[in-house]
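Structure first, then comments.
Numbering of residues begins at 1 and proceeds along the displayed sequence. Owing to the predicted nature of the structure, the values given are computational and were not obtained by experimental measurement.
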Amino acid sequence: MSDRPHSPIQDPRVNAVIARLQGARSRPSGAGPRSSFNSRDPHAYAEQGFSIHPEQGELIYLLCRGLRATRVAEFATSVGMSTLYFAAAVRDNGGGTVIGSEIVPAKVEAARRNLAEAGLADYAEIREGDARKTLRDLGGPVDFVLIDGWPGEGGPSLAREVIEIVAPQLLVGGYVMNDNAEPDYLAFIRDPNNGFVSMTLPLKGGTELSLKVR
């Protein structure tokens, strides 16, 4: 018997890949986006998948199903954990596309393999490179955006730069989820002048969920 609560995803292939990725989740001691480890280069962690947790993914899946989402985007894809939840949702909504961005080539390939194993390869487009370029034109409005990229140091965070790029491409009534709580990102998304209402959820140490209202 699994120690995970009941999942809203009914596809055993998808659940099997998610379970494998969760079981293999690893992080170098003292390293990762939330740590003070001395390397801030994402290429230094090509073997580690710094991904959302299943409870965040299940919320993404449910919200996307409720929105009848067909076009969504994410920064950053990593090895494709979040992409699996998005792709399962748009498929179960009748079809659509997840536009992902990932700067580490090895992780792009891993994400594509994981999606193929789950039977979801046809529902995802993983763009390799800097999200400030790859997500600048999403090819039309999107219903949901995940901001989960590597927090840099000095100057504006990547999360802040990416949300400013993708916010105009998000439909009114669409959601944004943020995983790392970068202060300048939170300042943007919580400012009512930018068109969002927002709350912090008690998931993975604090997950910001925001709704575009205008």
Side-chain angles (χ1 to χ4, degrees), residues 1-28 31-33 42-131 134-135 138-139 142-150 175 177 179 203-204 207:
M1 177 180 291
S2 171
D3 60 359
R4 283 283 305 141
H6 173 73
S7 171
I9 297 177
Q10 301 299 302
D11 187 335
R13 289 182 67 185
V14 177
N15 285 328
V17 179
I18 289 170
R20 175 175 59 76
L21 292 178
Q22 180 66 6
R25 184 184 296 271
S26 64
R27 180 184 297 251
H43 295 272
Y45 307 103
E47 302 304 317
Q48 281 75 41
F50 300 119
S51 303
I52 63 168
H53 287 186
E55 59 268 27
Q56 294 169 301
E58 288 163 4
L59 179 59
I60 285 171
Y61 176 85
L62 286 174
L63 290 172
C64 285
R65 291 300 308 275
L67 287 171
R68 305 297 300 168
T70 58
R71 302 188 74 254
V72 300
E74 61 177 14
F75 161 64
T77 294
S78 187
V79 297
M81 176 73 95
S82 54
T83 326
L84 292 166
Y85 289 100
F86 275 126
V90 299
R91 179 200 62 186
D92 294 347
N93 281 342
T97 303
V98 186
I99 300 168
S101 180
E102 174 54 52
I103 200 169
V104 181
K107 290 186 175 181
V108 173
E109 293 306 312
R112 289 172 176 161
R113 289 194 303 271
N114 291 328
L115 287 159
E117 183 181 335
L120 295 172
D122 291 343
Y123 302 95
E125 173 193 340
I126 311 302
R127 300 178 179 180
E128 183 178 325
D130 188 324
T134 60
L135 301 183
L138 296 174
V142 294
D143 302 289
F144 200 119
V145 178
L146 173 66
I147 305 289
D148 186 27
W150 191 269
Y175 289 98
M177 182 181 287
D179 186 51
L203 301 175
K204 199 184 175 186
T207 297

>> Is it the case that the side chain of R13 and the backbone of E117 share a donor-acceptor pair, with hydrogens and angles ignored and the cut-off at 3.5 Å?
In response: yes

> Do T97 and Y123 have side-chain heavy atoms sitting under 4.5 Å apart?
Replying inline: no

> Can you check whether V17 reaches L120 side chain to side chain, under 4.5 Å on heavy atoms?
Replying inline: no

> Does D143 reach the main-chain N or O of R71 with its side chain, forming a donor-acceptor pair under 3.5 Å?
Replying inline: yes

> Would D179 and I147 satisfy side-chain contact (heavy atoms from CB on, under 4.5 Å), going step by step from the backbone distance to the final call?
Replying inline: CA-CA 7 Å; D179 186 51; I147 305 289; over 6 Å; no

> Closest heavy-atom contact between R112 and I126?
Replying inline: NH2-O, 3.0 Å

> Are any non-hydrogen side-chain atoms of T207 and M177 less than 4.5 angstrom apart?
Replying inline: yes

> Got a sec, which residues hit ring pair (Phe, Tyr, Trp, His ring centres under 6.0 Å) with F75, two or more places apart in sequence or on another chain?
Replying inline: none

>> For a quick test of reading the model, state the closest non-hydrogen atom pair linking A88 to V14 and the distance between them.
In response: CB-CG1, 4.4 Å

>> Regarding R91 and D11, does a basic nitrogen lie under 4.0 Å from an acidic carboxylate oxygen?
In response: yes

>> Going by side chain to side chain contact (heavy atoms under 4.5 Å, CB included), name the residues that satisfy it together with D92, two or more places apart in sequence or in a different chain.
In response: Y61, R65

> Would you say the side chain of V72 lies within less than 4.5 Å of the side chain of V98, judging by non-hydrogen atoms?
Replying inline: yes

> Minimum heavy-atom separation for A118 to L84, with atom names?
Replying inline: CB-CD2, 3.7 Å

> Does the D130 side chain pair with the main chain of I103, one donor and one acceptor, at a distance under 3.5 Å?
Replying inline: no

> Quick one: do the E74 and T83 side chains pair a donor with an acceptor below 3.5 Å?
Replying inline: yes

>> Can a donor-acceptor pair be found, under 3.5 Å and without considering hydrogens, that links the side chain of D148 to the backbone of T77?
In response: no

> Are the side chain of Q56 and the backbone N or O of H53 linked by a donor-acceptor pair below 3.5 Å?
Replying inline: yes

>> Treating N114 as the side-chain partner and M81 as the backbone partner, does any N or O pair qualify as donor plus acceptor under 3.5 Å?
In response: no

> Which class fits the ring pair Y175 and F144: parallel under 30°, tilted 30 to 60°, perpendicular over 60°?
Replying inline: tilted

> Taking S78 for the side chain and G80 for the main chain, is one N or O donor matched with an acceptor at less than 3.5 Å?
Replying inline: no

>> The criterion is side chain to side chain contact (heavy atoms under 4.5 Å, CB included); which residues satisfy it with R127, sequence neighbours excluded?
In response: I99, E125, T134, L138

> What is the minimum heavy-atom distance between T70 and G95, and which atoms define it?
Replying inline: CG2-O, 3.5 Å

> Atom CG in L146, atom OG in S101: separation rounded to 0.5 Å?
Replying inline: 11.5 Å

> Quick one: OH on Y85 to OG on S7, what's the gap to the nearest 0.5 Å?
Replying inline: 6.0 Å

>> Given 3.5 Å as the limit, does a donor-acceptor pair link the side chain of E102 with the main chain of V108, or not?
In response: no

> When you look at L67 and N93, which way does the side-chain contact (heavy atoms from CB on, under 4.5 Å) test go after all the steps?
Replying inline: CA-CA 9 Å; L67 287 171; N93 281 342; over 6 Å; no

